[in-house]
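Below: one structure, written as structure tokens.
Being a predicted model, the structure only gives us computed values, none of them experimental. Quick note on labels: first sequence line is chain A, next is B, and so on, each numbered from 1.
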Amino acid sequence: MDLKKLKAGDVIKYTGVLYTARDAAHMRLKKLLEEGKELPVDFKGQIVYYAGPTPTPPGRAVGSIGPTTSSRMDSFMDLTVSLGLAGMVGKGPRSENVRKACGKYGIVYFVTTGGAGALLSTRVESSEVVAFQDLGCEAIRKLKVRDFPLIVAFDASGASIFERNKTK
Amino acid sequence: MKEIGKEEIINAVENALGTACTKLSPYALGKITGALKTEESALGKAVLKDLVENAEVAERESVPLCQDTGMVTVFARVGRDARLMCDLGDAVNEGVRSAYAKFYFRKSIADVITRKNTEDNTPAVMHVEFTDGDDLKLSLIPKGAGCENMSKLALLNPAEGIEGVKKFVINAVMEAGGRPCPPVYVGVGLGGNFESCALMAKKALLREKRSADAAVAALETELLTEINALGIGPMGLGGNNTCFDVFVETAPCHIASLPVAVCVQCHSNRHAEVVL
């Protein structure tokens with residue numbers, strides 16, 4: 001799927017890989033990068049999902065796994081660009097800085113329904129911790145998802161769904 | 001005198017949290033299905049449909065409604081003729097520990113300095129009141145940080161009046177935008193002092209009905225109407241359903257101050273009550 005062709009407001013069903021990372025994982029990735037150390041995952045062209053699931057019960061691929069508030073990761077936009085990420089998934093509006101960076105570097109910010117972690121877990125086929133196991137729910141997980149619902153919030157040209165839907 | 005044992009409290013807390021985090025209450029579900037009939041935005045409608053489906057999956061598969069199973073706030077009302085056979089705080093925390101392990105809930109509590117996870121979702125935050133009777137009544141709110149982080153408090157000047165209060169509450173919801181998982185519930189504490197005002201705002205979220213005080217009820221209705229006119233909509237994607245309800249709790253305050261606190265709650269409005 002060519003993410004760059006998507007437009008703000010488009011609704012898609014994504015099948016492929018998502019890497020979970022939230023506050024603690026971003027802090028650690030930033031530190032590794034600053035220290036010139038090797039990163040545990042090659043994020044180039046990948047999509048990061050701001051999410052920390054509940055523990056996986058027996059017989060399930062993953063626990064409840066909805067998006068967390070993206071704006072907490074706004075201060076990591078330089079890191080996102082450095083990692084070469086193609087997209088981010090979370091919930092809620094983000095800073096102008098993030099929107100502009102999306103336009104400048106051709107990155108897409110998707111949102112999905114917050115508080116729908118049970119429903120979204122049914123679209124996850126497998127989940128494997130690939131880095132920072134000690135962070136528990138904040139570890140980096142590689143998820144294989146099928147028909148995962150995403151809404152384009154900022155497209156690769158920097159257009160925003162929040163602008164369009166702003167208060168009349 | 002009625003004796004209430006530790007095991008009884010632990011089991012009650014465990015069961016209440018198990019239900020609150022995996023089963024959407026009929027009240028919250030009713031608000032969502034009601035909004036589905038009035039929502040004008042297509043994306044907003046899609047979000048509300050997701051929430052109905054989410055509740056079905058959560059209940060059917062016993063999986064939490066939301067990955068953020070929250071920090072637990074407990075309002076305890078202890079009857080004067082109830083005899084607690086244990087330390088209430090210990091029993092409540094044991095119930096939390098047990099629920100979060102048994103039901104595979106996320107442990108989201110960390111040391112504030114080191115950020116090291118406590119691994120069992122304790123401690124809970126507890127507030128105790130003493131009442132008549134011989135019951136122990138526990139109201140529990142397992143609340144996520146997405147909405148809690150959008151809460152605010154101000155000590156306004158009395159001259160700012162109710163208009164100033166309304167402006168503060170509406171601004172808090174506007175600035176939060178899609179972040180606290182709207183359509184939200186808004187708890188407002190009005191009056192009291194610095195700490196009691198915040199407590200009233202949180203406690204207001206336990207209510208599911210208009211205030212019995214006509215003036216307060218009118219304020220609740222006005223705030224609800226004005227917040228919904230903001231157009232934030234479900235998950236901030238635009239729409240006419242931004243807020244499901246507003247609950248205001250009041251108390252007298254100092255002549256020199258006008259405290260107001262806003263506690264934002266997400267669309268799932270998870271809370272439970274047990275009486276022992």
Side-chain angles (χ1 to χ4, degrees), chain A residues 8-11 20 22-24 27-28 49-72 74 90-94 111-123 134-138 149 151-153 161-168, chain B residues 21-22 41-44 46-69 100-101 103-108 110 115 117 119 144-147 149-150 174 176-182 229-239 266-268:
Chain A
D10 283 355
V11 180
T20 66
R22 40 174 290 156
D23 311 63
M27 284 190 254
R28 223 178 253 191
Y49 182 21
Y50 301 140
T54 56
T56 308
R60 289 185 67 90
V62 73
S64 188
I65 187 162
T68 196
T69 306
S70 307
S71 63
R72 288 202 319 276
D74 284 0
K91 70 170 162 96
R94 308 193 66 176
V111 291
T112 190
T113 303
L119 173 63
L120 291 169
S121 77
T122 64
R123 311 294 160 85
D134 60 300
L135 293 181
C137 68
E138 294 205 68
I151 301 167
V152 179
I161 192 177
F162 299 110
E163 291 294 318
R164 207 180 61 183
N165 290 336
K166 240 180 190 171
T167 317
K168 295 142 218 157
Chain B
C21 290
T22 55
S41 113
L43 282 177
V47 165
L48 296 167
K49 275 185 193 155
D50 278 354
L51 298 181
V52 173
E53 201 184 336
N54 185 59
E56 289 165 2
V57 173
E59 194 171 352
R60 189 174 64 233
E61 303 187 15
S62 294
V63 70
L65 291 157
C66 177
Q67 74 289 341
D68 189 350
T69 42
Y100 280 67
F103 302 117
Y104 292 86
F105 290 170
R106 198 177 80 184
K107 288 81 179 169
S108 310
R115 305 307 296 184
N117 201 299
E119 306 287 354
C147 55
N149 284 349
M150 299 298 118
M174 192 162 69
R179 289 180 285 180
C181 288
L230 293 173
I232 293 166
M235 290 313 297
L237 300 171
C266 77
H267 51 60
S268 290

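Within the 4.5 angstrom heavy-atom criterion, atoms from both the backbone and the side chain of B:Asp50 approach chain A. For chain B, the nearby part of A:Thr56 is the backbone; its heavy atoms alone come within less than 4.5 Å. With a threshold of 4.5 angstrom between heavy atoms, A:Leu135 does not approach chain B through any atom at all. At a 4.5 Å heavy-atom cutoff, A:Arg94 makes no contact with chain B through either its backbone or its side chain. Using a 4.5 Å cut-off between heavy atoms, A:Pro57 contacts chain B through both its backbone and its side chain.
The main-chain N or O of B:Ser108 is never found under 3.5 Å from a side-chain atom of B:Tyr100 such that the two would form a donor-acceptor pair. Using modelled atom types, no side-chain atom of A:Thr54 and backbone atom of B:Phe105 make a donor-acceptor pair closer than 3.5 Å. Distance alone, capped at 3.5 Å, places no donor-acceptor pair between the A:Ser121 side chain and the A:Ile65 backbone.
Each of B:His267, B:Met150, B:Met235 was checked for a side-chain contact (heavy atoms from CB on, under 4.5 Å) with B:Pro180, and the lone residue meeting it is B:Met150.
Residues A:Lys91 and A:Thr69 have side chains that bring a donor and an acceptor to within less than 3.5 angstrom of each other.
Looking only at heavy-atom pairs under 4.5 Å with chain A, the residue among B:Gln67, B:Glu119, B:Arg60, B:Glu53 that has the most is B:Gln67. Ranked by non-hydrogen atom pairs under 4.5 Å with chain A, the options B:Ala145, B:Cys181, B:Ser268 are led by B:Cys181.
The pair A:Arg22-A:Glu138 counts as a salt bridge, with a side-chain nitrogen and a carboxylate oxygen less than 4.0 angstrom apart.
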